[in-house]
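The structure displayed is predicted, hence computed values, not measured ones.
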Amino acid sequence: MAKEKEDSSLKQIIAVCKRRGFVYPGSEIYGGLSNTFDYGPYGIEVLNNLKRLWWEYFVHRREDVVGIDSSLMLNPTVWQASGHVSNFSDPLIDCKSCKTRLRVDQFLDEKMGANFSVGKSLAEMQEALHKEKFPCPNCGSLDSFTEARQFNLMFKTSYGASEKESFDVYLRPETAQGIFINFKNVYTTCRQKIPFGIAQIGKSFRNEIMARQFVFRTREFEQMEMEFFCEPGTQKEWFKTWVDYCMMWLTDILGIQKNNLKLRDHAKEELSFYSEATSDIEYKFPFGWGELWGIASRTDYDLSQHEKFSGQDLKYIDQTNNKKYIPYVIEPALGLNRLFLAIISDAYEEEKLEDGEMRTVLRFAPRVAPIKIAVFPLMKKDGLGEKAKEIYHNLMQHWNAEYDEGGAIGKRYRRQDEIGTPFCVTVDYDTLQDNTVTIRERDSMKQERIFISQLKTYFMDKIV
Ligand code: ATP
């Protein structure tokens with residue numbers, strides 16, 4: 001029953017995203033391309049707001065962080081050095097009858113209990129599968145699974161125009177390595193002194209075995225990552241600082257409800273061999289708790305590997321203390337599309353009104369909302385439309401605003417509630433007499449009357 005409720009709330013979120021122009025299924029008029037999504041006019045506004053707010057709080061407001069934008073395709077040796085060629089894989093099985101492909105670890109966790117697969121080798125997972133004889137979840141066949149094997153998640157493509165000269169490259173599976181290979185460039189050209197961070201926002205690609213749960217897990221997605229370089233011995237302190245900072249950003253800046261967030265420390269057997277500590281900030285998605293933000297203490301692994309494979313000296317020279325070392329790294333890695341799903345799940349509400357009617361409302365924080373203000377004339381005629389347009393044109397110089405003159409006023413309010421617009425301004429016959437308008441606030445639905453000349457100050461105060 002609880003599962004049905006969860007599934008239905010994800011369905012409702014997907015429906016409102018499509019209905020109101022946040023997210024459309026990818027390549028829809030050609031029958032789609034599974035698990036790809038296109039963001040519509042309101043969706044892109046939310047994504048841009050999230051990116052802007054991340055950049056503002058992780059780069060502009062930090063004197064110890066700078067940003068870069070590295071290439072999507074890197075020299076293939078980068079991925080050998082980072083370990084992605086040999087290790088970036090998930091364990092899979094195929095059903096021999098219906099050809100359904102499954103991730104063994106996730107399949108076993110669903111069947112045997114959460115975290116069953118943590119720390120288990122491929123052989124141990126294989127053994128559990130044989131012992132339990134689970135049927136295929138798609139066709140029900142018994143004992144029809146192939147042996148479990150590792151599947152590398154990186155997308156390969158051919159680089160170069162002629163067959164003779166082209167070679168294989170990978171689309172980056174994370175933005176982090178583009179930062180590591182530019183560490184020396186940044187610290188020598190931008191006068192950065194340790195401790196300092198390099199941030200990047202950009203697309204990543206992973207050929208996920210089971211892309212699913214709407215935009216939670218897709219093969220093409222966007223990441224917001226930062227590598228924070230610090231002196232060995234100080235990493236524990238910095239790890240805590242960044243975990244707290246990330247949590248603060250989610251709750252205080254984006255307005256995500258605290259009870260929908262939790263911190264999960266990775267157990268020892270879950271950690272990558274080079275990682276000293278990892279904590280995930282998890283969000284309570286409609287289908288259950290899931291990783292939103294991974295924060296890892298990555299030691300000096302990445303820079304040491306790049307030093308080894310490139311033959312370049314990537315050590316930092318601390319001139320004040322006369323020291324030379326490879327810095328340790330704290331990495332907060334966030335997925336933009338997962339954050340979008342968290343934001344919209346958090347904001348989504350179906351509310352029963354006093355008159356018994358239902359309304360769907362997206363209670364975005366004003367700074368996250370795609371449209372900040374909607375302006376309506378009560379009627380198009382008698383000069384109300386012209387007056388409302390004049391107000392709209394003034395407000396749009398400062399905020400992303402929308403003008404709507406179609407249909408009953410109640411319906412226009414409902415539409416803006418579903419888009420998550422925090423304020424609606426209505427122009428009526430009194431406006432023409434006394435230059436006042438009605439402002440209706442989305443969450444309380446309370447209305448107040450103010451002078452047109454006060455609108456700018458009013459919104460400056462409310463939309464930060
Ligand atoms: P998961 O365990 O869910 O596969 P991960 O631990 O491999 O994620 P990281 O490599 O730490 O993820 O990537 C950092 C962040 O990038 C994740 O916390 C998540 O928000 C996002 N992310 C990773 N893979 C995907 C994906 N396939 N689709 C959407 N977002 C993703």
Side-chain angles (χ1 to χ4, degrees), residues 1-17 20 22-23 37 39 42-43 45-47 49-54 57-58 106 109-110 114-115 212-218 221-224 240 242-266 278-296 332-352 358-370 417-422 442-444 464:
M1 184 62 205
K3 173 110 183 33
E4 271 170 32
K5 199 168 156 250
E6 284 161 4
D7 287 348
S8 77
S9 78
L10 183 62
K11 276 190 192 139
Q12 282 155 350
I13 288 169
I14 296 172
V16 85
C17 279
R20 290 302 178 202
F22 284 91
V23 184
F37 298 96
Y39 287 80
Y42 298 120
E45 293 299 333
V46 175
L47 292 184
N49 289 340
L50 295 174
K51 285 198 270 189
R52 180 181 49 77
L53 287 163
W54 187 83
Y57 280 84
F58 283 80
Q106 287 178 352
D109 288 352
E110 272 168 30
N115 297 331
R212 58 181 184 172
Q213 288 154 330
F214 193 35
V215 296
F216 180 82
R217 188 179 299 287
T218 48
F221 57 99
E222 204 156 355
Q223 289 186 305
M224 309 199 280
K240 185 173 176 338
W242 283 110
V243 168
D244 292 347
Y245 193 79
C246 294
M247 215 32 139
M248 177 285 295
W249 186 73
L250 292 172
T251 55
D252 298 9
I253 307 305
L254 302 190
I256 295 185
Q257 299 169 62
K258 285 198 173 111
N259 54 353
N260 285 336
L261 291 166
K262 73 173 182 202
L263 202 62
R264 190 180 73 79
D265 297 333
H266 282 213
T278 297
S279 291
D280 290 342
I281 298 181
E282 295 192 339
Y283 181 78
K284 198 175 176 188
F285 290 99
F287 40 81
W289 290 97
E291 175 182 333
L292 173 64
W293 205 331
I295 302 149
L334 172 62
L336 175 64
N337 316 79
R338 265 189 211 180
L339 179 62
F340 173 89
L341 182 57
I343 282 285
I344 211 149
S345 308
D346 214 66
Y348 184 90
E349 197 178 319
E350 282 175 26
E351 187 184 17
K352 193 167 188 173
M358 294 296 290
R359 72 162 178 160
T360 301
V361 55
L362 292 180
R363 299 188 192 277
F364 293 126
R367 51 165 74 94
V368 173
D417 287 344
E418 284 201 7
I419 295 167
T421 307
R442 176 196 65 205
D443 295 342
S444 62
V464 281

Any side-chain heavy-atom pair of [X] and [Y] under 4.5 Å:
X	Y	value
Trp249	Leu53	yes
Tyr283	Leu341	no
Ile256	Val368	no
Glu291	Arg338	yes
Pro422	Phe364	no

Looking at [atom1] of [X] and [atom2] of [Y], how far apart are the two atoms once the value is rounded to the nearest 0.5 Å?
X	Y	atom1	atom2	answer
Thr360	Glu418	OG1	CD	4.5 Å
Arg264	Glu282	CZ	CD	5.0 Å
Glu45	Ile419	CD	CD1	11.5 Å
Leu254	Ile343	CG	CD1	4.5 Å
Ile344	Leu362	CD1	CG	5.5 Å
Ile295	Tyr245	CD1	OH	13.0 Å

Those residues that, when tested against Tyr348, pass ring-ring contact (aromatic ring centres under 6.0 Å, His included) (two or more places apart)
none
Applying ring-ring contact (aromatic ring centres under 6.0 Å, His included), name anything that partners Phe37, two or more places apart in sequence or on another chain.
Phe214
May I have the step-by-step check of side chain to side chain contact (heavy atoms under 4.5 Å, CB included) for Leu339 and Trp54, ending in yes or no?
CA-CA 11 Å; Leu339 179 62; Trp54 187 83; over 6 Å; no
Smallest heavy-atom separation, Ala342 atom then Phe285 atom, equals N-CE2, 3.7 Å
Nearest atoms (heavy-atom pairs only) where Ala333 meets Trp293
O-CD1, 3.2 Å
Can you name the residues that form a side chain to side chain contact (heavy atoms under 4.5 Å, CB included) with Glu351, not counting sequence neighbours?
Glu349, Leu353, Arg359, Val361, Arg363
Does the side chain to side chain contact (heavy atoms under 4.5 Å, CB included) test come out yes or no for Leu292 and Asp280, once each step is laid out?
CA-CA 7 Å; Leu292 173 64; Asp280 290 342; over 6 Å; no
Would you call the rings of Phe340 and Tyr39 parallel, tilted or perpendicular, where under 30° means parallel and over 60° means perpendicular?
perpendicular
Can you classify the ring geometry of Phe216 versus Phe287 as parallel (below 30°), tilted (30 to 60°) or perpendicular (above 60°)?
perpendicular
With distance as the sole test, does Arg367 use its side chain to make a donor-acceptor pair with the main-chain N or O of Asn49 at under 3.5 Å?
no
List the residues meeting side-chain hydrogen bond (donor to acceptor under 3.5 Å, both in side chains) with Lys262, not counting sequence neighbours, and say none if there are none.
none
The salt bridge (Lys or Arg N to Asp or Glu O under 4.0 Å) partners of Asp265 (sequence neighbours excluded) come to none
Run the salt bridge (Lys or Arg N to Asp or Glu O under 4.0 Å) test against Arg217 and tell me which residues pass, sequence neighbours left out.
Glu208
